[in-house]
Amino acid sequence: MQEKIQNLRTEIKEKLENTKTLKDLTELKNIYLSKKGPITELMSHMKDLDNEEKKEFGKIMNEFKTDISNSFDSLKNKIEEYELNKKLESEKIDINLPSTVIKNGSPNIDEAIIEDAEKFFISMGYDVVEGPEIELDKYNFEMLNLPKEHPARDAQDTFYLKDETYLLRSQTSPVQIREMLSKKGEEPVRMICPGKTYRRENTDMTHEQEFCQIEGLVIDKNISLSDLKGTFNAFIKHMFGENVEARFRPSYYPFTEPSVEMDMSCPNCDGSGCSMCKPKGWITICGGGMVHPNVLRACGYDPEIWQGFAFGAAAERIGMLKYGISDIRMIHQNDLRNDRNLDRKETNN
Ligand SMILES: [Zn+2]
C-alpha cells in the first residue's frame, strides 16, 4: 500500500511539473482529486483494515492528500502570477512625453550658392579671397577705371560715409585690386571674392540695396576671352546641369575691354522660350570681359606682358533661377512661411 501511495505521489508530481496553464491544471485536478479518482480509490481500501491499521493508514493518507493538495495550490499560484505579469507587460503604457521635434536649419540661398561656387572654383585652382565691406573710393571706383565724375558711376551709386573717401563697396572688385597690388605686378592671380555688396537702389522684385556678388579674376600671360568663355561654360554646367549652353554678347564696363554679357540657355525650357527667359531662350547670368589695360597698369601689371579676364554675378540671381524664386526680397527676409516654401521646393528637387 505504501508503495502504491509513493508511486501515485511521483506520478502526480511529474505531471504537475509539466503543467503550464490553469486549464491543464484544472484537468489534472479533475483526474486525480475527483470522487472517482485514484486517491478516492486508495481510500476505499480503508474498509478492509482493522482499527489499528485504519488509524495508521488514515494518518498516511491525510498527509498524502494534504501534500498533493498543497502542490496543486502552489502551482496554481505560480501560474496565476506568471500570467498576470505577462498581461501587465503586454498592457504597459509608455507615459513619457514624446520629445519636441527640432527642425534642422538649412543654409540661406546666398550661402548655399556661394559655397557651391567656391567648391567649383577651388577645384579649378582658384583662391577664395575676402576684403572689407567699407572700402576706399579709390579701390571701389578710381583704380577700376572709374574716376570721379565718370558717368558709369551712376549705375553703381552706393552709400558714402561722412568722410567721402570711404563708401560701402558697390562691387567686390576692390578685393581684386587689393590682391593685384599685393602681388606687385609680378605674379599671376586666380581668385574669386564672394561677398556682400551695396547699392543705392529702389528695392523691387529684382533689386535689393544689399546683395552678394561672386566675382572672379584671372591674371596671367597668354590669357584670352576664350579662357573666360570656357570657364563660364564649365561654371554654369556645374550650377545648372550639363544641358545649359553659354553665349557671349558685347557689352560695356569701364574696367574691362572688350566687355561681354554672359548668357546661358534657359534651364527651364532648354532654350525654346518660357516665362522664366521671357521668352528669349537665354538668361543673363554674369558680366565680364578682359581686364582693361588701365586697371592692369594701376595695379602694377604691364599690359604688354600680362592679360586677364574678370567676371561677376549676383549669388541671389543664380539662387532665384536655380530654386525658382520670383522675388529677390524673399532671400533676406525672416518670414518663415516663405522658408517653408523653399523647403518644399528643395525637397521636390
Ligand atoms: Zn525658358
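Read the numbers this way: they start at 1 and go in the same order the structure lists the ligands and their atoms.
Between Phe120 and His238, the ring center distance clears the sub-6.0 Å criterion.
Side-chain polar atoms of Asp110 and His332 form a donor-acceptor pair below 3.5 angstrom. Side-chain contact check for Tyr126 and Glu118: no donor-acceptor pair (N or O, by modelled atom type) lies under 3.5 Å.
None of Gln171, Arg169, Arg178 except one satisfies the side chain to side chain donor-acceptor pair (under 3.5 Å) rule with Glu135; the exception is Arg178. With Asp137 as the partner, the side chain to side chain contact (heavy atoms under 4.5 Å, CB included) test is satisfied by one option alone out of Glu164, Arg153, Met143: Arg153.
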May I have the list of side-chain donor-acceptor pairs in residues 270-281 shorter than 3.5 Å, sequence neighbours left out?
from: Ser272; atom 1: OG; to: Cys269; atom 2: O; distance (Å): 2.9

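Within a radius of less than 2.8 Å around the Zn ion (ligand 1), the protein N, O or S atoms are Cys266 SG, Cys269 SG, Cys274 SG, Cys277 SG.
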